K.L.:
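Here it is, the structure in full.
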Amino acid sequence: MTLAEMQFVIPDLRPASAELFMLAMACGILLVDLFVKDKKRTLTFVLTQLALLGAAVITFMTSTGEIAYTFSNMYVDDLLGDLLKLLTYLTVIVVLFYSRGYVLDRPQMAKGEYYTLTLFATLGMMVMISANHFLTVYLGLELLSLSLYALVALNRDSVQATEAAMKYFVLGALASGLLLYGMSMIYGATGTLEITAVAERLYQGQANKSILVFGLVFLVAGIAFKLGVVPFHMWIPDVYHGAPTAITLLIASAPKLAAFAIVMRMLVNGLVVLAADWQMMLIILSVLSMAIGNLAAIAQTNLKRMLAYSAISHMGFMLLGLVTGVIGGDARFALNAYSSSMFYVITYVLTSAGTFGMILLLARAGFESDLLDDFKGLNKRSPWFAAMMMMMMFSMAGVPFFVGFFAKFSVLQAVVAAGYLWLAIAAVIFSLIGAFYYLRVVKLMYFDQPNDPSPIHAPFDVKLLMSANGLAVALLGIFPQALMSICAVALLRSL
Amino acid sequence: MVDALQQLLQGVFGPVFPLVWTLLKIVLIIAPLLLGVAYLTFWERKVIGWMQVRIGPNRVGPWGLIQPIADGVKLLMKEIVIPSGASKGIFLIAPMFAFAPALAAWAVIPFNDTMVLANVNASLLYIMAVTSVGVYGIILAGWSSNSKYAFLGGMRSAAQMISYEVAMGLALVVVLMVSNSLNLGDIVKAQGRGMFADNGLGFLSWNWLPLLPMFVVYLISIVAETNRAPFDMAEGESEIVGFHVEYSGMAFAVFFLAEYANMILVSTLTAVLFLGGWLSPVGFLPDSIFWLFVKIAAVLFFFLWIRATFPRYRYDQIMRLGWKVFIPVCLIWLTVVGCWMMSPWNIWK
Amino acid sequence: MEFKTFVFYFFAAIMVFAALRVITARNPVQAALFLVLTFVSASGIWMLLQAEFLAIALVLVYVGAVMVLFLFVVMMLDINLDRVREGFWSYLPLGAIVALLMVAEMGLVLGGNYFDLFENKVPQAAADATNVMSVARLMYTDYVYPVELASVILLVGIVAAVVLTMRDRRKTKAVDPATQVIVKAKDRMRVLQMPSEKQG
């Protein structure tokens, strides 16, 4: 057969145009960066931000309310995906602004590849969010993970960073292996890897239950690693602590959105028939995470490590929303449950970006500023930023009239409506225990003397963004309805 | 006559006849090959001698023709010294790793449109796979000698070989694209079609002309791949110590044979892939296996010629050439040929 | 028994033996070589399944490139195998649990034939298309998105490797070969005409 006889239909590229643009820009910036002589790499930075902005514009413009499939049903473009992608772009833009000063102070990290690897990580997140095929989920996950491993190790002369990168890499490779095991068993049971086709075959009862459950266990194990819930949480404290703070900021914020997306796609879109099984698994994971995360964070003296354990507990809380979707075969509460989880994840990403951004604000060349003691007396040095940090700590603790409170409230509402009263009580107790370490930070800022009374130096754009971040946390707390209804609509039109 | 022989053997051996016939074909390929390898060493010394205005070996036998046999006997009689602390098993296996791929690849080479030992559909891929196993012989020889110089020489040589394998592979991909098949026989037949072939000037429609950059890249890459001058830094005889420094006697002879057998193999591949295999260069002469032998001899003469002419490349120059020059050239030409094939001026229908 | 069955058992026995020797060999280079043997036997088995492209690609990629890389690394690192083997007995219980789980899983999958687990049969390929062509056709039409993503992952691998290991070489005084090879004779030499000196 000659070349001419093969039928080739070019897939519809319009839904995937954001990914294509991002790939082209990442490769282009990689090349342009070779010719940039400037030590501060301003051109690379500006081009990266423009690439993210351009991708946001394209996603916004190609977003219809309808679900569109392309690339042989491997790619899905729906409202859920568009919303999560727009939030991802916003988060990465903010992350790059916050980290610029930190990165420039450390010569090993001040390379153009920092920006290109971040763009590739963003591409990986975009692919994960729009995946409709297990293979695509895996490839997006690997693209994101490989870029993050390299970014964590970027400060190659620092022993902690290299150690954190090794741990992340080895554990991440293991988790990807478990995920693939699960995917292959599900393929064996259903005969297809496409997520919507898997759901269909499960509906028609065409699959063998025991292999499916085995596969589900491995799948949940792989997802749990990426989310960072117990018992697959061991990498989070070490990697968050060891990695350079700029990279910790990146790891702690945007990938959580992508992880949430793959949970929605694989478990809710694909394996909803097995909901009784994976909901039970997630309940166990969630309770353990909240317990261990909150309890372990109390003993920490390093703010990054404390925030790492708090991340574990927050992800556990977020999972609570997902377990209440399908009760006894009844999907009445599904929309409420899933949209409350989504709201929780979005607000967590916002707050987490703010807290790590504050650490970056205080860091200087040679001084990491990640110990709790470095935040002592922040109020005397800069009352405005102490107030911002206080708002974010209160939000994470769940103090009323900050957005964290509403997130927790909506998740607990979904849990109670589904009838899991004991689960709600446990969640509240652990949150109360957890509030201690957040309030300790506030106490240090307001009631202690500073170790180093010099005022805070930061570029204007970072100060502006940080203020916007803090105020958003406060305002969303007072007016949460807009974001909540957006989440609900996105989920309604996508599932 | 061949049929009569087949009938006789079938009568004698019965059920194992296919095995016996295949073994006979293998012997028919390997025996002349080994003889060719031996006399190639002699021919090299003669040719380089003439280029340096002197006579090569001419003492042993008439016109020096028994020289290779004398060399072989000498090497057989020498003791194989195994260095103390060397891993004996790996030390002795390494020459085999180098020699076996050079012989195994001959299974798929077509000598004629009917004469090929194994007419596999993926023969080009098979050859690439088998030749990449040859690197192991070098690495293991260097490492198992328990000598720092041998080890470093082995690493140098192996790094050079795998670098040029990439460029070779890409050149072969372009040939594959225009021939639309991985089968070596089909590739030769594809070169027999085209505008020039129909008008009697067959040699202008062979692959060397439209794929000229790839031909040049391939020719130079095979010289680098076989560690021949001017790319013989790894074993540069008067300057630096190579991977085979601890080998003596028959083990050394096997490495030597492996190098020349590899030379003949890659010359044959050049002849088959770029120079039209068994096809005749002009329309009025018939195709035959002798054309293939003439082309192989020409490429081998090219090997010997550049050994006598050019000074040795330095190691960093070798690596730069392989990675920074050949691979971009291959990639660009791949794109050019790809676009050419999709355009209305496509000559490879 | 049939010749094919005999060949299968031959390759399978070699493969199992070689795999065992990979984990029990004292010398890491020997272990790497036994791994090469395992790959080659696996390639033979795949050839029996008429998957010739995959079989040859296994040799080309794994044996020809990946294992060469392994060997380079193993030879350059001074691996003290006794120290690596130290914790064997303390890790045995956990390892045994994981191994039992995997065996149970494999038993389920392989014994599935007897329990009617598989409704999906392996489709038979068309007789005229070669293996390579079928794989290529699928790869660039239905699966073009994963193929492109895989290539981006490889690009990220290259970028990461370079950015993590390349050091600034400005301290050494090596000559740049690119400028060296385009030198012309007249850049280096000047031919003078001189009157000949007579012997006095």
Side-chain angles (χ1 to χ4, degrees), chain B residues 15-16 18-19 87 89-91 93-94 97 101 104 108 118 120-140 142-144 151-152 154-155 158-159 161-163 165-166 169 176-177 180-183 186 313-321 323-325, chain C residues 3 21 25-37 39-40 43 46-47 50-77 127-136 158 169 172 174-182:
Chain B
V16 276
L19 186 66
S87 318
I90 301 185
F91 189 80
I93 289 188
F97 260 106
V108 296
V120 183
N121 260 336
S123 47
L124 192 56
L125 205 58
Y126 169 81
I127 290 189
M128 283 169 71
V130 161
T131 50
S132 48
V133 177
V135 183
Y136 281 92
I138 317 276
I139 302 180
L140 293 173
W143 179 81
S144 63
F151 181 52
L152 286 174
M155 289 289 136
M161 283 175 81
I162 57 182
S163 312
E165 255 171 34
V166 183
L176 159 65
M177 264 170 64
N180 209 16
S181 163
L182 280 170
N183 188 329
D186 288 346
Y313 260 79
R314 222 176 47 225
Y315 190 64
D316 63 320
Q317 291 171 336
I318 297 180
M319 296 308 268
R320 174 192 159 264
L321 187 68
W323 289 101
K324 288 170 135 181
V325 176
Chain C
F3 185 57
R21 287 293 291 141
R26 288 218 69 91
N27 189 341
V29 172
Q30 264 189 13
L33 285 177
F34 276 113
L35 190 56
V36 169
L37 183 57
F39 283 138
V40 171
S43 169
W46 289 2
M47 200 69 92
Q50 296 179 325
E52 78 263 11
F53 174 64
L54 281 178
I56 301 181
L58 184 69
V59 173
L60 182 60
V61 172
Y62 266 104
V63 172
V66 175
M67 288 312 296
V68 171
L69 178 66
F70 260 54
L71 270 179
F72 266 38
V73 170
V74 161
M75 285 176 182
M76 306 242 205
L77 294 177
D128 61 338
T130 65
N131 218 328
V132 183
M133 202 170 283
S134 325
V135 172
I158 296 177
R169 294 252 169 249
T172 62
V175 186
D176 178 20
T179 47
Q180 228 181 7
V181 298
I182 57 176

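Please read all numbers here as calculations on a predicted model, not as lab measurements. Below, chain A is the first sequence line, B the second, and so on; all start at residue 1.
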K.L.:
Can you say whether Leu182(B) sits under 4.5 Å from chain C via the side chain, the backbone, both, or neither, judging by heavy atoms?
P.N.:
side chain

K.L.:
With only heavy atoms counted, which part of Val36(C) is less than 4.5 Å from chain B, the side chain, the backbone, both or neither?
P.N.:
side chain

K.L.:
Within a reach of under 6.0 Å around CZ of Phe34(C), are more than 12 heavy atoms found that belong to other residues, nucleotides or ligands?
P.N.:
yes

K.L.:
Should Ser132(B) and Val63(C) count as side-chain neighbours, where that means a heavy-atom distance under 4.5 Å?
P.N.:
no

K.L.:
Take atom CZ in Phe70(C); do more than 12 heavy atoms of anything else shown fall under 6.0 Å from it?
P.N.:
no

K.L.:
Counting only non-hydrogen atoms closer than 4.5 Å, does Tyr126(B) touch chain C with its backbone (N, CA, C, O), its side chain (CB onward), both, or neither?
P.N.:
both

K.L.:
By ring-ring contact (aromatic ring centres under 6.0 Å, His included), which residues pair with Tyr62(C), not counting sequence neighbours?
P.N.:
Phe39(C)

K.L.:
Where on Leu33(C) is there a heavy atom nearer than 4.5 Å to chain B: the side chain, the backbone, both, or neither?
P.N.:
side chain

K.L.:
Please assess Val120(B) against Glu52(C) for the test side chain to side chain contact (heavy atoms under 4.5 Å, CB included), listing each intermediate value before the final yes or no.
P.N.:
CA-CA 9 Å; Val120(B) 183; Glu52(C) 78 263 11; 5.6 Å; no

K.L.:
With a 4.5 angstrom heavy-atom cut-off, is it the side chain or the backbone of Leu71(C) that approaches chain B, or both, or neither?
P.N.:
side chain

K.L.:
Determine the option with the most heavy-atom pairs under 4.5 angstrom with chain C, choosing from Leu140(B), Val133(B), Ile93(B), Val135(B).
P.N.:
Leu140(B)

K.L.:
Residues in salt bridge (charged side-chain N to carboxylate O under 4.0 Å, His left out) with Arg314(B), at least two apart?
P.N.:
Asp316(B)

K.L.:
Sort Ile90(B) into side chain, backbone, both or neither according to what part of it lies under 4.5 angstrom from a heavy atom of chain C.
P.N.:
side chain

